[in-house]
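Notes follow the structure.
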Amino acid sequence: MPENPFSVAPTVVRLPRYTKAEQDEILGGGDDPFGVAETGLIWLPKEEHFGIRHGERLVAHAGLLRLPVAIGDAETAVVGVGGVAVAPDMQGRGLARLVVAAALDHARTLGPEHALLFCRPPLVALYQRLGWHPLDQDVRVEQPEGRVVTMPLRTMVTPLRDDAHWPALPVRLLSLPM
């Protein structure tokens, strides 16, 4: 396990905003920091942000956005989780677990029964350890000009309430992905 650089346990804070400069502070610059540019998708910015600082440096982030979704013929809402990032030199210290848990704690106050995220296949095991479950069916998402496409990334879901159950029905995000 990597050496812990924190003199006290890391604390997640609510961020008033999350800029490209702050994203670069965590992930470094680059055109494709999340490794998803090849999907060609247009993404929504998150509305609520949670982060961890080490000194003055932002080293972890998770964002949230409430979104409409159709599950079968029923329309409802989910909390989309995205922009999850941990600085490469700070990985392996449980920061993703902390920042995602704090974001989900807040998501539980927003009303929807589930949170949804999209991730690259190498990250599925990480999210499963954090309590997320991969969906077996394809998920359709909206894109500009009225296009609806199949999400090429793995869709994962987690309940926000103890009694929540995700049905095994077709899913369509009624917006751009988060």
Side-chain angles (χ1 to χ4, degrees), residues 9-18 23 26 34-36 39 41-52 60-86 91-143 147-178:
T11 303
V12 179
V13 296
R14 187 101 179 254
L15 302 172
R17 69 190 181 299
Y18 183 63
Q23 177 183 299
I26 296 172
F34 292 99
V36 297
T39 67
L41 295 173
I42 304 298
W43 301 84
L44 285 173
K46 278 39 96 190
E47 293 178 348
E48 305 196 48
H49 305 278
F50 300 83
I52 298 173
H61 169 267
L64 298 178
L65 179 65
R66 185 182 163 116
L67 299 168
V69 65
I71 305 171
D73 293 331
E75 289 189 19
T76 188
V78 295
V79 176
V81 176
V84 178
V86 175
Q91 292 176 0
R93 295 177 172 89
L95 301 183
R97 178 183 51 77
L98 289 173
V99 77
V100 169
L104 291 178
D105 283 347
H106 180 72
R108 288 180 181 88
T109 71
L110 300 177
E113 294 186 4
H114 292 90
L116 194 75
L117 66 77
F118 303 113
C119 71
R120 292 180 295 112
L123 298 174
V124 169
L126 166 69
Y127 285 108
Q128 285 179 308
R129 288 191 302 274
L130 298 179
W132 293 79
H133 308 281
L135 294 184
D136 292 329
Q137 65 271 25
D138 288 338
V139 173
R140 310 267 295 155
V141 300
E142 293 185 7
Q143 287 291 281
R147 293 182 305 126
V148 177
V149 301
T150 299
M151 171 54 69
L153 302 174
R154 194 62 191 258
T155 304
M156 301 190 77
V157 65
T158 194
L160 297 174
R161 298 186 186 154
D162 290 338
D163 61 347
H165 171 74
W166 188 273
L169 295 169
V171 178
R172 178 174 170 192
L173 191 61
L174 302 173
S175 73
L176 297 174
M178 62 292 160

Would you indicate whether the side-chain heavy atoms of [Y] and [X] approach each other to under 4.5 Å?
X    : Y    : answer
T76  : I71  : yes
T158 : W166 : no
P177 : Q143 : yes
V86  : Q91  : yes
P134 : T155 : no
M151 : L41  : yes
Y18  : Q23  : yes
V171 : V69  : yes

Taking it one step at a time, do L95 and V12 satisfy side-chain contact (heavy atoms from CB on, under 4.5 Å)? CA-CA 9 Å; L95 301 183; V12 179; over 6 Å; no
* Are H106 and F50 close enough that their ring centres sit under 6.0 Å apart? -> yes
If you look at every heavy atom in [X] and [Y], which pair is closest and at what distance?
X    : Y    : answer
L169 : G72  : CB-N, 3.8 Å
V79  : P112 : CG2-CG, 3.8 Å
L173 : P68  : CD1-O, 3.5 Å
K46  : M178 : NZ-C, 3.3 Å
V148 : R172 : CG2-NH2, 3.1 Å
R108 : P159 : NH2-O, 4.2 Å

Here the salt bridge (Lys or Arg N to Asp or Glu O under 4.0 Å) pairs for residues 151-164, sequence neighbours left out, are E113-R161
The complete set of salt bridge (Lys or Arg N to Asp or Glu O under 4.0 Å) pairs with one or both residues in residues 123-139, sequence neighbours excluded, reads none
_Using a strict threshold of under 4.0 Å (side-chain N to carboxylate O), is an ion pair present between E48 and R66?_
no
| request: Starting from the C-alpha separation in whole Å, work towards a yes-or-no answer on side-chain contact (heavy atoms from CB on, under 4.5 Å) for L126 and W132. | output: CA-CA 9 Å; L126 166 69; W132 293 79; over 6 Å; no
Any chance you could measure [X], atom [atom1], to [Y], atom [atom2], to the nearest 0.5 Å?
X    : Y    : atom1 : atom2 : value
L153 : T150 : CG    : OG1   : 12.0 Å
L44  : L65  : CG    : CG    : 5.5 Å
T109 : L104 : OG1   : CG    : 11.0 Å
L123 : F118 : CG    : CZ    : 14.5 Å
R120 : Y127 : CZ    : OH    : 9.5 Å

Inset, instruction - Carefully, step by step, assess L67 and L174 under the rule side-chain contact (heavy atoms from CB on, under 4.5 Å). - result: CA-CA 7 Å; L67 299 168; L174 302 173; over 6 Å; no
Exercise for review: Check the pair L64, V81 against side-chain contact (heavy atoms from CB on, under 4.5 Å), reporting the backbone distance first and the verdict last.
Suggested key: CA-CA 5 Å; L64 298 178; V81 176; 3.6 Å; yes
Looking only at atom types and distance, does a side-chain atom of H61 sit under 3.5 Å from a main-chain N or O of G83, one as donor and one as acceptor?
yes
